[in-house]
J.: 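Handing you this structure, nothing more for now.
Just follow the structure's listing: the first ligand is 1, and inside any ligand the first atom is 1.
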Amino acid sequence: MDIRWSAEAEAYRAKVREFLDANLPGDWQGLGALTTEEADEFVAKWRVTLSQNDLLAVSWPKEYGGGGLSPMEQVVVAEEFARVGVPTGGPNDIFSIAMIGNTLLNWGTEEQKQHFLPRILSGEDTWCQGYSEPNAGSDLGNLGCKAVADGDEWVITGQKIWTSYGHMADWIFVLARTDADAPKHKGITFLLVPMKQPGVEVRPIKMLSGESEFNEVFFDEARCPIGNVVGEVNGGWAVAMTLLGHERGASAAVLPLQFKIEIDRLLALAKETGKAADPLVRQKIAWCYSKVEIMRYLGLRTLTAWLNGGSTGAEASIAKLYWIEYHRVVTELGVDLLGMDAMVPSGRMPLSAFNPDELGAPNSSMSWTISFLCARAGTIYAGTSQIQRNIIGEMVLGLPKEPKSDAGPWSQRSQ
Ligand SMILES: Cc1cc2nc3c(=O)[nH]c(=O)nc-3n(C[C@H](O)[C@H](O)[C@H](O)COP(=O)(O)OP(=O)(O)OC[C@H]3O[C@@H](n4cnc5c(N)ncnc54)[C@H](O)[C@@H]3O)c2cc1C
């Protein structure tokens with residue numbers, strides 16, 4: 001593990017700082033210091049500024065409108081942005097740039113890249129992810145939403161669930177069953193489907209927090225052009241598994257910084273609530289602090305592997321399991337400190353509920369309470385904690401693989 005940055009990286013860091021100084025207001029205190037409305041307005045304008053300065057989609061090649069930055073430069077940008085509390089993109093970019101954009105770069109045809117990538121960067125198209133189904137979450141390969149070729153179109157029928165931002169998106173990338181007689185991972189195709197059409201119905205799901213960010217999506221003979229396949233027909237499983245690979249290094253660097261900011265807020269909360277001298281509270285805060293320090297070193301190990309091209313792929317599971325299980329505990333401590341105030345939360349909603357709230361965010365009881373609820377969801381989305389443990393057990397510890405009882409055709413599986 002290397003914990004120092006090269007002179008080249010430090011020189012690039014100085015350039016990023018110049019950009020930030022030139023483009024942020026003089027009294028900037030972090031996105032969290034803005035009201036929700038101000039923050040929305042700022043992020044929309046900031047995304048345009050990033051695009052104009054080649055700092056949106058920093059890992060994409062320049063020929064597709066990206067930043068064309070090296071892995072080291074990408075990490076420096078992410079770190080410097082986190083340090084001053086500005087986002088690296090807009091709210092849909094996790095789906096549009098990080099997921100489908102990166103996937104198209106790996107697997108898309110030239111025509112698909114030329115058509116879709118500029119529309120993602122301009123914000124013209126927003127995306128959502130159509131993977132999970134009522135009977136296919138952790139066991140995603142069991143999915144049953146089917147697509148049948150009909151002349152120059154695919155006809156899609158079935159249901160997706162937990163589709164985040166599905167109510168706002170223009171497009172959905174869908175995993176669909178195109179050969180029911182093949183083994184379950186071999187008859188799946190990755191399709192690009194427009195949301196705004198008669199065959200697509202979106203039904204919002206109300207969350208524990210009272211918000212409604214995700215949806216059920218029903219396809220009733222919905223259609224997309226026959227050429228909207230990414231990768232091979234029936235080869236969608238390999239495509240589906242490549243999502244999110246590009247940003248692994250940046251998140252390894254940024255997460256510990258964001259969690260450190262949250263610890264500072266936790267300390268302030270302990271003082272505000274008069275509990276900073278309580279020995280049990282002090283012990284728990286010290287535990288949180290040491291977990292974040294370990295997260296920093298884990299991140300550096302991931303970064304070193306990533307920058308040297310030696311990533312195993314299992315680091316993503318280690319990192320996700322570590323930070324999400326930590327976030328459950330630290331937000332619980334926040335709620336404990338609030339005591340009865342957590343029962344009637346007030347103040348501003350967190351700008352970023354699934355991650356630590358933004359730099360500059362007030363210590364509102366609403367922010368801690370919603371973050372506490374959303375931290376539970378974190379142990380489920382993008383692979384549950386149990387599934388991450390399975391991956392780590394098999395890929396890192398070399399434990400025996402889970403028994404597989406579903407090698408035959410998907411259509412003959414036991415229900
Ligand atoms: C906030 C949020 C946003 C989401 N957004 C999206 C989205 O935009 N698009 C999308 O497609 N999906 C999305 N999801 C769905 C998410 O990917 C699934 O919820 C997740 O994969 C788990 O699937 P499941 O809910 O069907 O649970 P199940 O797979 O039914 O699991 C139930 C329980 O059994 C455990 N379990 C299952 N299999 C095993 C095993 N082999 N070994 C040990 N334990 C096991 C699980 O860990 C879990 O505790 C989202 C989920 C959340 C919470």
J.: With the threshold set at 4.0 Å, does a side-chain nitrogen-carboxylate oxygen contact exist between D93 and R47?
T.: yes

J.: Relative to the heavy atoms of F214, which atoms of ligand 1 are at a distance of less than 4.0 Å?
T.: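 Reading through ligand 1 atom by atom, the close ones are 1 (C), 2 (C), 3 (C), 52 (C).
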
J.: I need the contact type for E402 against ligand 1. Using non-hydrogen atoms and a strict under-4.0 Å cut-off, is it side chain, backbone, both or neither?
T.: side chain

J.: Which heavy atom of the protein is the closest neighbour of atom 8 (O) of ligand 1, given with residue, atom name and distance?
T.: S164 N, 3.0 Å

J.: Would you mind telling me if ligand 1 is within reach of the side chain of L140, the backbone, both or neither, using heavy atoms under 4.0 Å?
T.: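 L140 to ligand 1: no contact under 4.0 Å from either part.
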
J.: Among R389, Q386, M99, E213, which one has a heavy atom closest to atom 49 (O) of ligand 1?
T.: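 Nearest option to atom 49 (O) of ligand 1, by heavy atoms: Q386.
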
J.: Looking at residues at least two apart in the chain, or sitting in another chain, which of them share a side-chain hydrogen bond (donor to acceptor under 3.5 Å, both in side chains) with N355?
T.: none

J.: Give a yes or no answer on whether the side chain of T178 reaches the backbone of G187 with a donor-acceptor pair at less than 3.5 Å.
T.: yes

J.: Which residue and atom name correspond to the protein heavy atom nearest atom 19 (O) of ligand 1, and how close is it?
T.: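 Looking at atom 19 (O) of ligand 1, the protein heavy atom closest to it is I380 CG2, 3.3 Å.
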
J.: Looking at the rings of F19 and W46, which for Trp means the six-membered one, are their centres under 6.0 Å apart?
T.: yes

J.: Among all the protein's heavy atoms, is there at least one whose distance to atom 30 (O) of ligand 1 comes out below 4.0 Å?
T.: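 For atom 30 (O) of ligand 1 the answer is no, since every protein heavy atom stays at 4.0 Å or beyond.
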
J.: Show the atoms of ligand 1 that are less than 4.0 angstrom away from any heavy atom in G137.
T.: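 The list of qualifying atoms is 21 (O), 23 (O), 24 (P), 26 (O), 29 (O).
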
J.: Is K45 paired with E41 through a side-chain N to carboxylate O contact shorter than 4.0 Å?
T.: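 Between K45 and E41 there is a salt bridge, with a charged N closer than 4.0 Å to a carboxylate O.
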
J.: Answer yes or no for K160 and F218: cation-pi contact, defined as NZ/CZ to six-membered ring centre under 6.0 Å and angle to ring axis within 45°.
T.: no

J.: Between K184 and D179 (salt bridge meaning N to carboxylate O under 4.0 Å), is one present in this structure?
T.: no

J.: Below 3.5 angstrom, do we get any N/O pair linking N390 and ligand 1?
T.: yes

J.: Distance below 4.0 Å between atom 52 (C) of ligand 1 and any protein heavy atom?
T.: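 Flag for atom 52 (C) of ligand 1 set to true, protein heavy atom closer than 4.0 Å.
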
J.: Between D139 and ligand 1, does any nitrogen or oxygen pair lie at a separation below 3.5 Å?
T.: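 No.
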
J.: Looking only at heavy atoms, is any part of Y165 under 4.0 Å from ligand 1, and if so is it the side chain, the backbone, or both, or is it neither?
T.: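 Neither part.
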
J.: Just let me know how T384 lines up against ligand 1, side chain, backbone, both or neither, with a heavy-atom cut-off below 4.0 Å.
T.: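 It is the side chain that gets close, since no backbone atom is under 4.0 Å.
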
J.: Please write down residue, atom name and distance for the protein heavy atom closest to atom 9 (N) of ligand 1.
T.: Q129 O, 2.9 Å

J.: Looking at Y131, which atoms of ligand 1 are within less than 4.0 Å of one of its heavy atoms?
T.: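 Those qualifying, in numeric order: 11 (O).
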
J.: Any salt bridge linking K62 with D54? Criterion: basic side-chain nitrogen under 4.0 Å from a carboxylate oxygen.
T.: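 Looking at K62 and D54, the cut-off is met.
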
J.: In terms of residue, atom name and distance, what is the protein heavy atom nearest to atom 7 (C) of ligand 1?
T.: W162 O, 2.9 Å

J.: Enumerate, atom names and distances included, each donor-acceptor pair closer than 3.5 Å involving a side-chain atom of residues 190-208, sequence neighbours excluded.
T.:
residue: K196; atom: NZ; partner: D170; partner atom: OD1; Å: 3.2
residue: Q197; atom: OE1; partner: R223; partner atom: N; Å: 2.9
residue: Q197; atom: NE2; partner: P194; partner atom: O; Å: 2.9
residue: Q197; atom: NE2; partner: R223; partner atom: O; Å: 2.8
residue: E201; atom: OE2; partner: R203; partner atom: NE; Å: 2.9

J.: I want to check something: taking the side chain as every heavy atom from C-beta on, are L140 and E133 in contact at a cut-off of under 4.5 Å?
T.: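 Heavy-atom side-chain distance check fails, nothing below 4.5 Å.
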
J.: Is there a protein heavy atom at a distance of less than 4.0 Å from atom 25 (O) of ligand 1?
T.: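 Yes, at least one protein heavy atom sits under 4.0 Å from atom 25 (O) of ligand 1.
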
J.: Does the distance from a Lys or Arg side-chain N to an Asp or Glu carboxylate O, for R13 and E80, drop under 4.0 Å?
T.: yes

J.: Just jot down the ligand 1 atoms closer than 4.0 angstrom to any heavy atom of I387, in number order.
T.: 38 (N), 39 (C), 40 (C), 41 (N)

J.: For atom 16 (C) of ligand 1, decide whether some protein heavy-atom distance is shorter than 4.0 Å.
T.: yes

J.: Salt bridge between K260 and D264, side-chain N to carboxylate O under 4.0 Å?
T.: yes

J.: Name the option, out of S132, S138, A136, A169, that contains the heavy atom nearest to atom 36 (N) of ligand 1.
T.: S138

